[in-house]
Amino acid sequence: SSTDVAVSSRYGGVFPDGTYYWKVLAFENASAGRGTRNITVGGDAGTDTVFAFIVDTGLTNATLNEPQNNTWNKNGTVLFTYTTGDANLDSCILFFGFNNTLPNVINQTNSSLVNNFIVNQSFNFDQSVSNVSWRVQCNDTGGNIANSTTRHVNIDTIAPSIAYVADDIINNSNLSRNYIAVEVAANDSYEANITFMLAYANGTDISTTIFTNQTRIFNFTALNGNRTYTYNVTIRDFATNRQSTATRTITLDNTAPVVA
C-alpha cells in the first residue's frame, strides 16, 4: 500500500529585483521499490512543475514630453505625449485639472503599455477652458506607484480685436504735415505685443515699432513731407493669435502751390 504525506515547508529570504524560478522535488528510499511521486504545490500537480515569481522594488515613472510647461495653444486641440519607464509596467493614468486647478481628474487609463513606450493622446478643449494642468501616474506589477511632474498648458482660441479710433485721417488722405499720428482701440486678455508699422507706398519698410505695454497711440515723426506712406497696426497674443487694422495710404505734401 502507499501513503500520501502532506508536508508544509517555508523558505524566506531577501531577493534582489529580478525573476526567480522554483520547483519541489521529492525522493523515496530506494528500498521502497516505488517510482517517482507526484507532488502538489499550490494546486498544481506534476513531477517537475516549475513556478516563477518576480521581485520588483524599483519605482515606476513616466517622462512628460509635450507640451512643454506653460506653453500656449491657439486651436483648442492639444497633443499630450509621455514616455513610460518600467520593465514591469501595469498601467498609466493621465490626469487633468482645468482653469488653474490641480490635475486630479482621471481622463485616460492605458493598461497595454511596455517599457520605454511613447504614448500620444490628443484632446479638444472648448473656449471655457483657458488652462489645463496635467500629470501621469504609473503603477507596475509589483504595486509600485509614481507620479510625474505637473505641467500647464494655456489655451486661447480667441483672436484679439483692433480698430482705428476716429480721427481726421481717412484712407488716401493728403495732409500738409510731416508726421502721422495713429490711435487704435485694441483688446485681448492675453496680449503679448502691439506693432505699429510704417512703409513707403512701394512697400519699403520705414519703421516697425513693437510695444509690450498695451500702447495704443503712436506718432511717426520727422517724415518727408512730400511722400506717400502706408501704415497699419497689429496686435498679437501669447498663443500667436493676431489681428490687424486695415492698411491706410497717406500722402504728406508740404509743397506750397505756385501761383503764376
Side-chain angles (χ1 to χ4, degrees), residues 66-80 96-105 107 122-135 150-223 227-252:
E66 297 291 341
Q68 294 295 314
N69 194 34
N70 288 321
T71 54
W72 287 83
N73 173 282
K74 70 175 183 178
N75 58 26
T77 300
V78 183
L79 178 65
F80 298 89
F96 283 158
F98 302 102
N99 299 332
N100 299 308
T101 61
L102 294 176
N104 294 323
V105 177
N107 194 277
S122 182
F123 297 89
N124 296 314
F125 302 98
D126 60 30
Q127 293 182 358
S128 67
V129 178
S130 61
N131 177 280
V132 177
S133 58
W134 66 292
R135 65 179 172 89
T150 295
R151 288 185 180 178
H152 302 271
V153 56
N154 304 292
I155 300 173
D156 180 13
T157 61
I158 302 174
S161 63
I162 189 170
Y164 290 114
V165 173
D167 54 30
D168 62 342
I169 301 177
I170 61 175
N171 193 36
N172 294 316
S173 293
N174 287 272
L175 302 173
S176 297
R177 60 177 67 164
N178 66 351
Y179 68 92
I180 298 175
V182 183
E183 182 177 359
V184 295
N187 181 66
D188 191 278
S189 298
Y190 307 104
E191 179 178 339
N193 59 66
I194 189 168
T195 302
F196 293 79
M197 190 280 298
L198 178 70
Y200 290 120
N202 64 6
T204 302
D205 182 71
I206 302 171
S207 174
T208 299
T209 306
I210 301 173
F211 296 96
T212 58
N213 59 354
Q214 299 186 349
T215 295
R216 298 295 185 258
I217 300 174
F218 186 72
N219 289 331
F220 298 103
T221 59
L223 301 177
R227 294 293 298 266
T228 298
Y229 302 89
T230 63
Y231 67 89
N232 64 27
V233 186
T234 299
I235 182 174
R236 297 174 177 83
D237 62 26
F238 290 113
T240 71
N241 297 301
R242 56 179 289 174
Q243 194 69 264
S244 299
T245 63
T247 298
R248 285 180 173 176
T249 299
I250 303 296
T251 299
L252 301 184

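Just so it is clear, the structure is predicted and the values come from calculations on it, not from any experiment.
Partners of N99 by side chain to side chain donor-acceptor pair (under 3.5 Å), not counting sequence neighbours, listed by chain and number: S130. Applying the side-chain contact (heavy atoms from CB on, under 4.5 Å) criterion to N213, with sequence neighbours excluded, gives F211, T215. Checked against side chain to side chain donor-acceptor pair (under 3.5 Å), S161 has no partners two or more places apart in sequence or in another chain. Applying the side chain to side chain donor-acceptor pair (under 3.5 Å) criterion to S122, with sequence neighbours excluded, gives no partner residue. For the ring pair (Phe, Tyr, Trp, His ring centres under 6.0 Å) test, residues two or more places apart in sequence or in another chain that qualify with Y190 are W72. In this view, A201 and T228 satisfy the side-chain contact (heavy atoms from CB on, under 4.5 Å) rule, not counting sequence neighbours. For T150, the side-chain contact (heavy atoms from CB on, under 4.5 Å) partners two or more places apart in sequence, or in a different chain, are P103, S133, R135, H152. Residues meeting the side-chain contact (heavy atoms from CB on, under 4.5 Å) test with A199, sequence neighbours left out: M197, T230. Shown here are the side chain to side chain donor-acceptor pair (under 3.5 Å) partners of N69, two or more places apart in sequence or in another chain: there are none.
Pairs engaging residues 197-210 under the side chain to side chain donor-acceptor pair (under 3.5 Å) rule: N202-T204, D205-T208, S207-T209 [sequence neighbours left out]. Among pairs with a residue in residues 227-245, none fulfils salt bridge (charged side-chain N to carboxylate O under 4.0 Å, His left out), at least two apart in sequence or across chains. The salt bridge (charged side-chain N to carboxylate O under 4.0 Å, His left out) analysis of residues 186-199, with sequence neighbours excluded, yields the pairs E191-R216.
Between the side chains of T245 and Y164, at least one donor N or O lies within less than 3.5 Å of an accepting N or O. A side-chain donor from one of T77 and N124 sits under 3.5 Å from a side-chain acceptor of the other.
Ring geometry, F96 versus F80: the interplanar angle falls from 30° to 60°, so the pair is classed tilted.
The shortest side-chain heavy-atom distance between N131 and F98 does not fall under the 4.5 Å cut-off.
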